[in-house]
Amino acid sequence: MEKLIITAAICGAEVTKEQNPAVPYTVEEIVREAKSAVDAGAAIVHLHVRRDDGTPTQDKARFKECIDAILKVCPDVIIIPSTGGAVGMTAEERLQPTELPIEMATLDCGTCNFGDEVFENTMPMMRTFGKRMMENNIKPEYECFEMGHLDTIVTMVKKGQVPGAPMQFNFVLGVPGCTPATVGNLEWLVKAIPAGSTWTATGIGRHEFTLAAPAIAMGGHVRVGFEDNLYIEKGVLAKSNGELVAKVVRIAKELGRAVATSAEAREILGLKKK
Ligand code: KMH
Ligand code: ZN
């Protein structure tokens with residue numbers, strides 16, 4: 001089986017220090033969390049950034065500062081900046097990191113409920129994001145929260161509106177209001193991806209590891225991190241993103257799946273280092 005790519009979603013836009021004091025806000029804290037994840041075995045860091053007070057921002061300068069600082073200590077890591085940002089941000093705000101020389105970025109594949117809020121990703125927005133990524137040679141990680149999202153983005157690829165093969169999907173399951181994080185739902189989605197695509201599973205909250213284990217066994221890749229889950233086990237806060245990544249590495253070892261380095265992840269994803 002292909003080596004396992006572990007992505008660490010170290011920060012997110014919604015979680016706070018009140019929920020877990022290790023959630024990073026400052027550049028130094030973001031670097032600390034990225035390094036802990038990479039040292040534990042993550043090949044990719046999925047990045048959101050914050051102001052020092054914790055406010056989520058898509059500011060290009062803040063992204064550049066964080067990316068440069070991470071690459072100083074983890075020179076090989078693949079960084080996937082978010083273009084999802086936080087609920088309520090405009091498309092222009094969200095697109096700012098795509099003006100930087102990045103290898104990949106997320107592209108969210110449809111509007112959905114997000115807890116009590118609505119995460120807006122209209123088709124015109126997705127076409128704008130896809131066009132920008134084609135122009136700037138950025139590989140999207142297609143974030144799908146629903147089967148309809150997957151169907152939509154595959155249709156857009158066929159129309160040449162967003163970057164095409166080889167596609168990388170991230171199935172984010174367990175967001176309140178979206179597809180539940182069950183093995184059956186994951187299998188249904190995986191069966192629907194175009195041949196030659198790669199995929200990652202992200203289980204939200206208590207589903208982080210119960211979705212990671214089947215994804216590892218099925219030959220997919222795994223995302224963990226504070227963006228998705230703050231606990232290492234029931235009732236016990238994780239001390240770092242590295243601790244969450246290390247747990248995935250242990251599960252993979254038990255299941256006989258080797259973990260990919262960032263260089264190996266680039267090969268698997270068809271990326272060229274910029
Ligand atoms: N913060 C969520 C509303 C992404 O990074 O592209 C959206 C999100 C997805 O986190
Ligand atoms: Zn994100």
Side-chain angles (χ1 to χ4, degrees), residues 6-16 19 23-25 30 33-34 37 42 44-51 54-60 62-63 66-67 70 78-98 100 102-122 125-126 128-130 132-133 138-146 149-150 152-153 162-163 167-179 181 199-205 207-208 221-230 241 244:
I6 302 174
T7 299
I10 60 171
C11 176
E14 287 81 22
V15 289
T16 65
Q19 296 169 297
V23 170
Y25 295 165
I30 282 179
E33 286 306 307
I44 300 178
V45 166
H46 166 56
L47 190 64
H48 289 251
V49 298
R50 311 284 187 103
R51 297 289 177 202
T55 310
T57 175
Q58 289 291 104
D59 181 63
K60 188 170 100 175
R62 185 67 164 190
F63 261 103
C66 289
I67 291 170
I70 292 171
I78 300 165
I79 299 178
I80 305 187
S82 172
T83 67
V87 169
M89 288 178 173
T90 65
E92 294 74 53
E93 225 176 332
R94 285 168 51 178
L95 269 171
Q96 290 179 73
T98 62
L100 299 169
I102 54 174
E103 297 173 272
M104 292 185 75
T106 59
L107 197 161
D108 293 276
C109 299
T111 297
C112 53
N113 285 321
F114 210 86
D116 288 352
E117 301 182 288
V118 174
F119 182 33
E120 194 181 49
N121 297 285
T122 63
M125 279 168 76
M126 290 158 63
T128 303
F129 284 41
R132 170 69 61 82
M133 292 192 201
I138 296 168
K139 182 181 169 91
E141 177 168 74
Y142 290 115
E143 304 254 332
C144 297
F145 301 75
E146 304 283 358
H149 295 181
L150 168 52
T152 302
I153 207 69
V162 297
M167 297 174 78
Q168 157 62 13
F169 294 92
N170 179 25
F171 298 122
V172 184
L173 304 187
V175 171
C178 298
T179 308
W199 62 274
T200 296
T202 298
I204 300 299
H207 305 290
E208 181 151 88
H221 305 287
V222 168
R223 180 175 111 176
V224 291
F226 287 158
E227 176 166 346
D228 309 317
N229 163 51
L230 299 164
N241 279 276
L244 298 169

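Counting starts at 1 for both ligands and their atoms, in listed order.
Checking each of Asp228, Asn170, Thr7 against Thr202 for a side chain to side chain donor-acceptor pair (under 3.5 Å) leaves exactly one that passes, namely Asn170.
Ligand 1 lies under 4.0 Å from heavy atoms of Glu14, His46, His48, Ser82, Gly84, Gly85, Val87, Thr106, Asp108, Phe114, Phe119, Glu227.
Around the Zn ion (ligand 2), the protein contributes the following N, O or S atoms at distances under 2.8 Å: His46 NE2, His48 NE2, Glu227 OE2.
Between Met125 atom CE and Asp108 atom CG the span is 8.5 Å, to the nearest 0.5 Å.
A 4.5 Å side-chain heavy-atom check between Val23 and Thr16 finds every atom pair outside the cut-off. Between Tyr142 and Leu150 the shortest side-chain heavy-atom distance does not fall below 4.5 Å. Under the 4.5 Å side-chain criterion, counting only non-hydrogen atoms from C-beta, Phe129 is not in contact with Asn121. When side chains are defined from C-beta on, Cys112 does not count as touching Val175, because their heavy atoms never get closer than 4.5 Å.
Residues that satisfy the ring pair (Phe, Tyr, Trp, His ring centres under 6.0 Å) test with Phe114, not counting sequence neighbours, are Phe119. Residues satisfying the ring pair (Phe, Tyr, Trp, His ring centres under 6.0 Å) test with His48, not counting sequence neighbours, are His46.
Panel note: side chain Glu208, backbone Val224; no donor-acceptor pair is recorded below 3.5 Å.
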